Q: 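Mind looking over this structure? Questions follow.
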Amino acid sequence: METVDMPRIAAATRLLDPVIRRTPLLASRVLSERVGAEVWLKCENLQRTGSFKPRGAYNRIANLPQEVRERGVVAASAGNHAQGVAWSAASLGIASTVFMPVGASLPKVTATKAYGAQVRQVGETIDESLDAALDFADRSGATLIHPFDHPDIVAGQATAGVEIAEQLPQVGTVLVPTGGGGLLAGVAVALRHLAPNVRVIGVQAAEAAAWPGSLAAGHPVRVERMSTMADGIAVGQPGKVPFGHVAQHVSRIVTVDEEALSQALLLCLERAKLIVEPAGAAAVAALMSISPEELGLRGPVCAILSGGNIDPLLLTRVIGHGLSAAGRYLAVRVTISDRPGALGSLLAVVGKTGASVVDVAHSRTGTWLAVDEVEVALTLETRGTAHRDDVLTALGNAGYGVHVSD
């Protein structure tokens, strides 16, 4: 296997310096207080195309020989890699074709086209899109640009690690959202040379975690199923090129659940004023849901926000999920008498608790309801877990039978 070393990373750094944004490193007071050490956010969500992906894509495409460039490039992706390849190819004057699943997010499809790629939507899954891309490459002679499994991709992603070492020389721990492993491998190799005492931790979505089993087996292993909102790191099998570098240089891989991801996205939005996609918030999710002792944190800590390309519709749903998980939303069903004033009495109890009513819905059709009963579904805005418990206690003390909705 071809390895990625510092000369290769240094060459990628020189190549990318004129075209890639040096993304900011922002301090997070709320996370620093939570973990007991300085926490900084590496904002790759503010990178060109909204993620770290152009680092690797541009480096890979720019290193193609001229006669290969003339045949164009092709990629398969549902989002960030698609945009990274499209922008990189257009910047270098090269034709690009990107295969995306039929169900790919409309904003990502639109953005990929806007960056200059010819988009073809084929298949229901990314694997089916990849098969179509491989067939296109065979027929056209275009070069397939893999999202993570190539040394030039890894070397390009490594430039984010180079920047961290320069921006935060005293860094002690770096947490990296992890899918196929290109970003994790690149950052780990760069920091192993530039800051050898740094602890590098990969973070995966628990519902799409191929790395723990792969590392235990000693080779890439495909995960049987994936179901996560963090589509940017939902990769079924680690890449062969990243695998060796991760196994050698990464301190640990941890996983975070969907609740942690949604709460992390909400924290980035509310406290850091940053729009981050679920995959991009994985490192923050680890800091929020896993103790500093379990993570083995050494400060200062840097969490990479790997991307910010999120469908507004998904953003709305994730914010709602995050608010509920943080105790800021409370959805209940209450059975009351079907008589004038009954609803007003219920809402009066809620009002005295200081909760705000977001939505009210009546139902008289449940088979469990008596002829003189009605079920009221309430969505309430609360001030946190303690206030949420106070509201439930108040309703119980008033004699209401309350069922909390998920």
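A quick note: this is a predicted structure, and the numbers were derived from the prediction, not measured.
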Q: Pair up each side-chain donor or acceptor in residues 178-191 with any protein partner under 3.5 Å, not counting sequence neighbours, and list the distances.
A:
from: T178; atom 1: OG1; to: V176; atom 2: O; distance (Å): 2.8
from: T178; atom 1: OG1; to: V203; atom 2: N; distance (Å): 3.4

Q: Just wondering, do V402 and L392 contact through their side chains at under 4.5 Å, heavy atoms?
A: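 They are in contact (side-chain heavy atoms under 4.5 Å apart), so the answer is yes.
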
Q: Only one of L297, V254, I304 passes side chain to side chain contact (heavy atoms under 4.5 Å, CB included) with L175; say which it is.
A: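 It is L297, the one option of L297, V254, I304 that forms the side chain to side chain contact (heavy atoms under 4.5 Å, CB included) with L175.
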
Q: Give, for atom CG of D338 and atom CG of L369, the distance between the pair rounded to the nearest 0.5 Å.
A: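 That separation rounds to 9.5 Å.
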
Q: Restricting to salt bridge (charged side-chain N to carboxylate O under 4.0 Å, His left out), what partner residues turn up for R14, sequence neighbours left out?
A: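 For R14 there are no salt bridge (charged side-chain N to carboxylate O under 4.0 Å, His left out) partners, ignoring immediate neighbours.
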
Q: Between T23 and E44, do the side chains contain an N or O donor and an N or O acceptor separated by less than 3.5 Å?
A: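 There is such a pair between these side chains.
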
Q: Taking distance alone, no hydrogens or angles, what donor-acceptor pairs closer than 3.5 Å link side-chain atoms of residues 88-106 to residues at least two apart or in another chain?
A:
from: S88; atom 1: OG; to: Y58; atom 2: N; distance (Å): 3.2
from: S88; atom 1: OG; to: G84; atom 2: O; distance (Å): 2.7
from: S91; atom 1: OG; to: W87; atom 2: O; distance (Å): 2.8
from: S105; atom 1: OG; to: D311; atom 2: OD2; distance (Å): 3.3

Q: Who pairs with R71 by salt bridge (charged side-chain N to carboxylate O under 4.0 Å, His left out), at least two apart in sequence or on another chain?
A: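 Per chain and number, R71 pairs via salt bridge (charged side-chain N to carboxylate O under 4.0 Å, His left out) with no residue.
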
Q: Quick check against the 3.5 Å criterion: does T379 have a side-chain atom that pairs as donor or acceptor with the backbone of V358?
A: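 Answer holds: no.
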
Q: In chain order, what residues pass the salt bridge (charged side-chain N to carboxylate O under 4.0 Å, His left out) check against E207, with sequence neighbours excluded?
A: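 E207: salt bridge (charged side-chain N to carboxylate O under 4.0 Å, His left out) contacts with R225.
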
Q: Quick check: does any side chain N or O of N59 sit under 3.5 Å from a backbone N or O of A12, one acting as donor and the other as acceptor?
A: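 No, the answer is negative, given that no donor and acceptor are paired below the 3.5 Å cut-off.
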
Q: Can you run down the salt bridge (charged side-chain N to carboxylate O under 4.0 Å, His left out) pairs that involve residues 261-285, sequence neighbours left out, and say none if there aren't any?
A: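 Counting only pairs at least two positions apart or across chains, the salt bridge (charged side-chain N to carboxylate O under 4.0 Å, His left out) contacts touching residues 261-285 are E270-R328.
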
Q: Let me know which of V334, V360, L330, V357 forms a side chain to side chain contact (heavy atoms under 4.5 Å, CB included) with V350.
A: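 In the set V334, V360, L330, V357, the residue that makes a side chain to side chain contact (heavy atoms under 4.5 Å, CB included) with V350 is V357.
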
Q: Taking all atoms of both residues into account, what is the closest heavy-atom pair of A282 and I233, and its distance?
A: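 In terms of heavy atoms, the two residues are closest at CB-CD1, 4.1 Å.
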
Q: Taking all non-hydrogen atoms of both residues, which atom of N80 and which atom of S51 are closest, and how far apart?
A: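 Minimum heavy-atom separation between N80 and S51: CB-OG, 3.5 Å.
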
Q: With a 3.5 Å cut-off and sequence neighbours excluded, list the donor-acceptor pairs that the side chains of residues 289-296 form with protein atoms.
A:
from: S289; atom 1: OG; to: A285; atom 2: O; distance (Å): 2.7
from: S291; atom 1: OG; to: E294; atom 2: N; distance (Å): 3.0

Q: Which heavy atom in V276 sits nearest to a heavy atom in A281, and how many Å separate them?
A: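 Scanning both residues completely, I find the closest heavy atoms to be CG1-N, 3.4 Å.
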
Q: Check V241 against P151 and note the closest heavy-atom contact, atom names and distance.
A: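 Smallest interatomic distance, heavy atoms only, reads CG1-N, 4.0 Å.
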
Q: Which pair of heavy atoms, one from G79 and one from T112, lies closest together, and at what distance?
A: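 Here G79 and T112 meet closest at O-OG1, 4.5 Å.
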
Q: State, yes or no, whether a side-chain contact exists between H245 and V4 at a heavy-atom distance under 4.5 Å.
A: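 Answer yes - side chains close enough.
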
Q: Among residues two or more places apart or on two chains, list those pairs meeting salt bridge (charged side-chain N to carboxylate O under 4.0 Å, His left out) that have a residue in residues 374-394.
A: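 Residue pairs with at least one partner in residues 374-394: R333-E375.
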
Q: Can you see which heavy atom on P177 is nearest to which on A279, and at what distance?
A: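 Minimum heavy-atom separation between P177 and A279: CB-O, 3.4 Å.
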
Q: Does a side-chain N-to-carboxylate-O contact under 4.0 Å join E2 and R8?
A: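 The answer is yes: the pair qualifies as a salt bridge.
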
Q: Would you mind listing every side-chain hydrogen bond (donor to acceptor under 3.5 Å, both in side chains) that reaches into residues 158-177, with sequence neighbours excluded?
A: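 Non-adjacent pairs meeting side-chain hydrogen bond (donor to acceptor under 3.5 Å, both in side chains): R22-E166, K42-E163, K42-Q167, R55-T159, R55-E163.
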
Q: How would you list, by chain and number, every residue that makes a side chain to side chain contact (heavy atoms under 4.5 Å, CB included) with V221, sequence neighbours excluded?
A: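 For V221, the residues satisfying side chain to side chain contact (heavy atoms under 4.5 Å, CB included) (neighbours in sequence not counted) are S214, A217, H219.
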
Q: Determine yes or no for a side-chain-to-main-chain donor-acceptor pair under 3.5 angstrom, with N45 supplying the side chain and I275 the backbone.
A: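 Looks like yes, one N/O pair under 3.5 Å.
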
Q: Between P278 and I310, is any pair of side-chain heavy atoms under 4.5 Å apart?
A: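 A side-chain contact exists here, since the closest heavy-atom pair is under 4.5 Å.
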
Q: Consider side chain to side chain contact (heavy atoms under 4.5 Å, CB included). Of V332, V349, L378, T382, which one does V391 pass it with?
A: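 Result for side chain to side chain contact (heavy atoms under 4.5 Å, CB included) with V391: T382.
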
Q: Just verifying a value: how many Å separate S77 OG and H146 NE2, rounded to the nearest 0.5 Å?
A: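 Output value for this atom pair is 11.0 Å.
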
Q: Between E373 and S337, does any side-chain donor sit less than 3.5 Å from a side-chain acceptor?
A: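 Per modelled atom types, E373 and S337 side chains form no pair under 3.5 Å.
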
Q: Judged by atom type as modelled, is there a donor-acceptor pair below 3.5 Å linking the side chain of R48 to the main-chain atoms of K53?
A: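 Answer holds: no.
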
Q: Does L274 reach the side chain of L269, with side-chain heavy atoms less than 4.5 Å apart?
A: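 Sidechains of L269 and L274: no contact.
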
Q: Donor-acceptor pair, D149 side chain versus K240 backbone, under 3.5 Å?
A: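 Answer holds: yes.
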
Q: For Y400, I'd like to know if atom OH has over 12 heavy atoms of other residues, nucleotides or ligands within 6.0 Å.
A: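 Yes.
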
Q: Excluding sequence neighbours, so at least two apart, what forms side chain to side chain contact (heavy atoms under 4.5 Å, CB included) with V235?
A: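 Once residues adjacent in sequence are excluded, the partners of V235 under the side chain to side chain contact (heavy atoms under 4.5 Å, CB included) criterion are F148.
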
Q: Rounded at 0.5 Å granularity, tell me how far OG1 in T228 sits from CG in L261.
A: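 Rounded to the nearest 0.5 Å, the OG1-CG separation comes out at 5.5 Å.
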
Q: Using modelled atom types only, decide if a donor and an acceptor are shared between the side chain of T316 and the backbone of P312 within a distance under 3.5 Å.
A: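 Yes: the side chain of T316 pairs with the backbone of P312.
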
Q: For the pair H193 and H249, name the ring-plane relationship: parallel under 30°, tilted 30 to 60°, perpendicular over 60°.
A: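 Answer is tilted, since the angle falls between 30° and 60°.
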
Q: Residues in salt bridge (charged side-chain N to carboxylate O under 4.0 Å, His left out) with D131, at least two apart?
A: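 Result, salt bridge (charged side-chain N to carboxylate O under 4.0 Å, His left out) vs D131: none returned.
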
Q: Between the side chain of Q237 and the main-chain N/O of A210, is any donor-acceptor distance below 3.5 Å?
A: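 Absent.
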
